[in-house]
Amino acid sequence: MKILVTGGAGFIGSNFLYYIAENHSDYSMVCVDSLTYAGNLYNLSSLISDSRFVFYKADITDVKTIDKIFGKENPDIVVNFAAESHVDRSIENPGAFLDTNVIGTQVLMNASMKYGVKRFHQVSTDEVYGDLPIDRPDLLFTEETPLHPSSPYSVSKASADMLVQAYNRTYGLPATISRCSNNYGGYQFPEKLIPLMITNALQDKPLPVYGDGLNIRDWLYVKDHCSAIDLIIHKGKEGEIYNIGGNNEKHNIDIVKTVLRLLKKPEALITYVKDRPGHDRRYAVDSGKIRAELGWTPKTDFDTGIEKTVKWYLENQKWLQDIEDGSYKEYYDKIYGGRDE
Ligand code: NAD
Ligand code: TYD
């Protein structure tokens, strides 16, 4: 089997490629990533010399190049992680989110139809459902919850989901969609809550908490997200949507305090700052369907996962440093410089 993974140089995509390499030794892997600011080829450094792995620096909105890659590689399975993924950036510059997250998905689906891909999997988010009230812990997002996205990011993801459903229904594209809660773990770009707080705390810089810090997210260790996608692409039913969640709701402020405790840094570093416009209050996911139908269970509880995560960043401070000084951008040229895609 050949699996083509887009956005594989990002946080979840790189974790997923390692997951496939470890769990499907007979698979070959193709990674397509345009290496935006969030793409870091260092994330894949242990795979680069693996004969089962090929990397293409390419933009998923580039019809000609994507067609060429699909024609050459003929993948069996496509998993689309490539996306602009940061809500704050979508508020500043929504256009890039519509291009990559919506049009890019369409380009990939057209190529998948043309080259007979057997499964197209769209990696989506629980944010497409909008938010839930803080004072109704009984309410969770199910796959039947109406889409009600609030940020340009979540609108772009919801639009892509609807387009995937349309391609499945209208053209018979063998597609599945997963909607996952907030991930944490190694290789996450330090603009997202957990790695940002770790990075700042390590440098004794203020930890910016938006608003009152009482917004709630449901956190899932990234490897558990990878195992869920692995199950869906192999056993999930075409045309279906699967929610994936950690059953692990936390207030942002409690996450920040946990990070400080693990790093033995003072809570005095916490700084409340202006709230994010349109800030979703609470996300909480009902993953009953994937548990019942595919037998998925997350393996890592939050206490273990956050300890592992903090340890990963402590042991990979060079990785953080290369992002901070921008040198991670040069790694592609060092490895593949001069290569014609
Ligand atoms: P990320 O920002 O870390 O990585 C995104 C990757 O996509 C980067 O390597 C980037 O270079 C690449 N990319 C961006 N635009 C591209 C383009 N036009 N062409 C080719 N490559 C491009 O994101 P992530 O956190 O790893 O998220 C991966 C996917 O999972 C996204 O689709 C996101 O919506 C979804 N998701 C993320 C979370 C989370 O908590 N991080 C939760 C649920 C769903
Ligand atoms: P984030 O990691 O950006 O993920 P998302 O917005 O997709 O859930 O943010 C997680 C939560 O943390 C969200 O409620 C916003 C909050 N947050 C802060 O309080 N401070 C920060 O510096 C960041 C980046 C996020």
Side-chain angles (χ1 to χ4, degrees), residues 5-16 31-41 43-44 56-62 65-66 79-91 96-97 99-101 103-105 107-108 122-128 131 150-151 153-154 156-158 160-161 178-185 187-197 199-200 206-220 222 225-226 228-229 243-246 250-253 255-256 270-276 278-283 285 332:
V5 171
T6 67
F11 164 46
I12 311 175
S14 57
N15 275 284
F16 182 73
C31 175
V32 175
D33 198 301
S34 62
L35 299 179
T36 66
Y37 78 93
N40 184 347
L41 199 57
N43 295 0
L44 298 172
Y56 290 94
K57 182 176 177 193
D59 192 315
I60 61 164
T61 64
D62 178 345
T65 306
I66 292 300
V79 184
N80 182 26
F81 290 95
E84 288 292 338
S85 68
H86 192 38
V87 173
D88 293 332
R89 286 180 190 255
S90 82
I91 295 167
F97 286 71
D99 289 344
T100 289
N101 300 3
I103 303 300
T105 302
V107 170
L108 292 172
Q122 175 70 1
V123 180
S124 187
T125 164
D126 61 354
E127 301 190 28
V128 297
D131 63 354
S150 354
S151 70
Y153 163 68
S154 50
S156 70
K157 295 297 290 185
D161 283 10
S178 55
R179 294 179 177 151
C180 190
S181 60
N182 286 58
N183 286 213
Y184 66 101
Y187 299 114
Q188 188 168 29
F189 198 79
E191 64 182 353
K192 304 280 169 65
L193 181 72
I194 291 179
L196 179 74
M197 297 300 153
T199 313
N200 283 13
L207 272 49
V209 172
Y210 298 163
D212 58 10
L214 294 179
N215 300 61
I216 292 174
R217 298 291 182 265
D218 171 18
W219 294 93
L220 180 71
V222 63
H225 186 185
C226 296
I229 295 173
N243 282 353
I244 310 167
K250 301 266 182 215
H251 292 290
N252 291 342
I253 189 65
I255 297 278
V256 174
I270 295 172
T271 312
Y272 289 92
V273 298
K274 195 167 158 283
D275 208 356
R276 171 187 279 172
H279 197 173
D280 283 340
R281 266 322 247 180
R282 170 175 167 252
Y283 302 143
V285 173
Y332 175 80

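Counting convention: from 1, in listed order, for ligands and their atoms alike. Everything numeric in this text was worked out from a predicted model, so none of it was measured.
- Protein heavy atom closest to atom 8 (O) of ligand 2, with residue, atom name and distance, is Arg217 NE, 2.7 Å.
- One option in Asp126, Asn182, Thr125 has a heavy atom closer to atom 4 (O) of ligand 2 than any other, and that option is Asn182.
- Put simply, CG on Leu214 and CZ on Arg281 are 6.0 Å apart, with the number rounded to the nearest 0.5 Å.
- For atom 14 (C) of ligand 1, the nearest non-hydrogen atom from the set Gly185, Ala83, Gly7 belongs to Ala83.
- Residue Glu84 has no nitrogen or oxygen atom sitting less than 3.5 Å from a nitrogen or oxygen atom of ligand 1, judged on distance alone.
- Each of the following atoms of ligand 1 lies closer than 4.0 Å to a heavy atom of Leu35: 11 (O).
- In this model, no donor atom of one side chain and acceptor atom of the other lie less than 3.5 Å apart for Ser181 and Asp126.
- Of the candidates Tyr56, Tyr153, Phe189, it is Tyr153 that places a heavy atom closest to atom 33 (C) of ligand 1.
- Using a 4.5 Å heavy-atom threshold, the side chains of Val222 and Gln188 count as separate.
- Closest to atom 15 (C) of ligand 2 among all protein heavy atoms lies His279 NE2, 3.4 Å.
- For ligand 1, the polar-atom distance check finds an N/O of Thr100 within less than 3.5 Å of one of the ligand's N/O atoms.
- With hydrogens and angles ignored, the 3.5 Å screen pairs no side-chain donor or acceptor of Asp275 with any backbone N or O of Val273.
- A donor-acceptor pair shorter than 3.5 Å cannot be found between the side chains of Tyr184 and Arg217.
- The shortest side-chain heavy-atom distance between Ile194 and Trp219 falls under the 4.5 Å cut-off.
- Considering backbone and side-chain atoms alike, Asn40 places every N or O at 3.5 Å or more from each N or O of ligand 1.
- Listed by atom number, the atoms of ligand 1 under 4.0 Å from Ser85 heavy atoms are 1 (P), 2 (O), 23 (O).
- Note that Lys192 lies outside the cation-pi zone of Phe11, set by a 6.0 Å cut-off to the ring centre and a 45° limit from the axis.
- For Thr6 (side chain) and Ala82 (main-chain N/O), a donor-acceptor pair under 3.5 Å exists by modelled atom type.
- By the 4.5 Å heavy-atom criterion applied to side chains, Tyr272 and Ile253 are counted as neighbours.
- The ligand atoms of ligand 1 that sit less than 4.0 angstrom from a heavy atom of Ala82 are 7 (O), 21 (N), 22 (C).
- Among all protein heavy atoms, the one lying closest to atom 10 (C) of ligand 2 is Leu193 CB, 3.9 Å.
- In terms of protein heavy-atom proximity, atom 5 (P) of ligand 2 is closest to Glu127 OE2, 3.6 Å.
- Remark: ligand 1 atoms within the under-4.0 Å shell around heavy atoms of Ser181 are 42 (C), 43 (C).
- When hydrogens are left out, the protein atom nearest atom 17 (C) of ligand 1 is Ser34 OG, 3.3 Å; that is the closest non-hydrogen contact.
- Atom numbering of ligand 2 starts at 1 in the shown order; those under 4.0 Å from a heavy atom of Val209 are 19 (O).
- Glu127 and Tyr283 share a side-chain donor-acceptor pair at under 3.5 Å.
- Applying the 4.0 Å criterion to heavy atoms of Ser124 picks out, from ligand 1, the atoms 43 (C), 44 (C).
- Ligand-side atoms of ligand 1 in range of Asn182: 40 (O), range being under 4.0 angstrom from any heavy atom.
- Remark: minimum distance from atom 19 (O) of ligand 2 to any protein heavy atom is reached at Tyr210 N, 2.9 Å.
- In terms of protein heavy atoms, atom 20 (N) of ligand 2 is closest to Pro208 O, 2.8 Å.
- Neither the backbone nor the side chain of Asp126 comes within contact range of ligand 1; no heavy atom lies under 4.0 Å.
- Counting only distance, with no hydrogens or angles, the side chain of Ser14 and the backbone of Ala9 share no donor-acceptor pair below 3.5 Å.
- With a 4.0 Å cut-off on non-hydrogen atoms, Asn252 touches ligand 2 through its side chain and not its backbone.
- Between atom CG of residue Asn215 and atom NE2 of residue His251 there is a gap of 9.5 Å, rounded to the nearest 0.5 Å.
- Atoms of ligand 1 found under 4.0 Å from any heavy atom of Ala58, numbered from 1 in the order shown, are 19 (N), 20 (C).
- The distance criterion of under 3.5 Å between nitrogen or oxygen atoms is not met by Val32 with respect to ligand 1.
- When Ile12, Thr61, Ile66 are checked for heavy-atom proximity to atom 26 (O) of ligand 1, Ile12 turns out nearest.
- Near Lys157, meaning under 4.0 Å from one of its heavy atoms, ligand 1 places the atoms 31 (C), 32 (O), 33 (C), 34 (O).
- With hydrogens and angles left out, the side-chain atoms of Asp161 and Ser124 include a donor and acceptor closer than 3.5 Å.
- Among protein heavy atoms, the minimum distance from atom 35 (C) of ligand 1 is reached at Val123 CG1, 4.0 Å.
- If you look at Glu191 next to ligand 2, the close heavy atoms, those under 4.0 Å, all belong to the backbone.
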